[in-house]
Amino acid sequence: MADVFTYKLTTESELFSFDFSQVLAASETLSTATCSVVLMNGTDPSPSSILVGSSVISNMTASQRVANGVSEVTYRLEMTITTSQGNTYVGVGDLPVYDPSLV
């Protein structure tokens, strides 16, 4: 499952969400959610430092707060969830980060 994120500025702190409703059965719910980060392009010696706190579950959506980041780097957020029926799904979304002066 892939989500599309436009971009984030280095000065912003924003919540990014993954909607799993299309893959869940009628009575299935989200049990756990964990977000990780992979660099798609650019250099950041500590890419996971953009993650703030833990992932949050609300109904069929899992969200993660993201802050800061390195300008002109694209991060891939990978949200892994487990469900009440024991299924595991992964949502991915690429997130370009820019300095506000470049936008």
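The model shown is predicted, which means the values in this text are computed figures rather than measured ones.
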**Request:** State the CD1-OG distance between Ile57 and Ser17, to the nearest 0.5 angstrom.
**Result:** 12.0 Å

**Request:** Taking the side chain as every heavy atom from C-beta outward, state whether Ser63 and Thr61 have any pair of such atoms under 4.5 Å apart.
**Result:** yes

**Message:** Is there a side-chain contact between Met79 and Phe20 in this structure, where contact means two heavy atoms from C-beta onward sitting under 4.5 Å apart?
**Reply:** yes

**Message:** Set out, in order, the CA-CA distance, both residues' side-chain angles and the distance that settles side-chain contact (heavy atoms from CB on, under 4.5 Å) for Val37 and Leu77, then state yes or no.
**Reply:** CA-CA 5 Å; Val37 179; Leu77 303 180; 4.0 Å; yes

**Request:** Return yes if some donor-acceptor pair links the side-chain N/O of Thr74 with the main-chain N/O of Met40 below 3.5 Å, else return no.
**Result:** no

**Message:** Are the side chains of Pro100 and Thr10 in contact, using a 4.5 Å heavy-atom criterion?
**Reply:** yes

**Asked** Looking only at heavy atoms, what is the nearest atom pair of Val52 and Ala67, with distance?
**Response** CG2-CB, 3.6 Å

**Asked** Any idea which heavy atoms bring Ser49 and Ser46 closest together, and the distance?
**Response** OG-O, 2.7 Å

**Message:** Regarding Ser84 and Glu28, do their side chains bring together a donor and an acceptor under 3.5 Å, going by distance alone?
**Reply:** no

**Residue that, paired with Cys35, satisfies side chain to side chain contact (heavy atoms under 4.5 Å, CB included) out of Glu78, Arg65, Gln64** = Gln64

**Item:** Closest approach of Ser101 to Asp99 (non-hydrogen atoms, all atoms of both residues)
**Value:** OG-OD1, 2.6 Å

**Prompt:** Which heavy-atom pair separates Ser36 from Leu51 by the least distance, and what is that distance?
**Reply:** CA-CD1, 4.3 Å

**Asked** If you round to the nearest 0.5 Å, how far is CG of Asn87 from CG of Leu30?
**Response** 11.0 Å

**Asked** Is it true that the side chains of Thr32 and Thr82 contain a donor and an acceptor less than 3.5 Å apart?
**Response** yes

**Request:** Taking all non-hydrogen atoms of both residues into account, name the closest pair between Leu24 and Tyr89 and its distance.
**Result:** CD2-CE1, 4.1 Å

**Item:** Among Leu39, Leu95, Thr43, the one residue meeting side chain to side chain contact (heavy atoms under 4.5 Å, CB included) with Val73
**Value:** Leu39

**Item:** Plane angle bin for Phe5 and Phe16 - parallel if under 30°, tilted between 30 and 60°, otherwise perpendicular
**Value:** perpendicular

**Asked** Would you find a donor on one side and an acceptor on the other, under 3.5 Å apart, between the side chain of Glu12 and the backbone of Val66?
**Response** no

**Item:** Distance-minimising heavy-atom pair for Gly69 and Val97
**Value:** C-CG1, 4.1 Å

**Fill in**
In Asp94, Asp44, Asn41, the residue satisfying side chain to side chain donor-acceptor pair (under 3.5 Å) with Tyr75 is Asp44

**Request:** Tell me, yes or no, whether the heavy-atom count around Asn59 atom CG, taken from other residues, nucleotides or ligands under 6.0 Å, exceeds 12.
**Result:** no

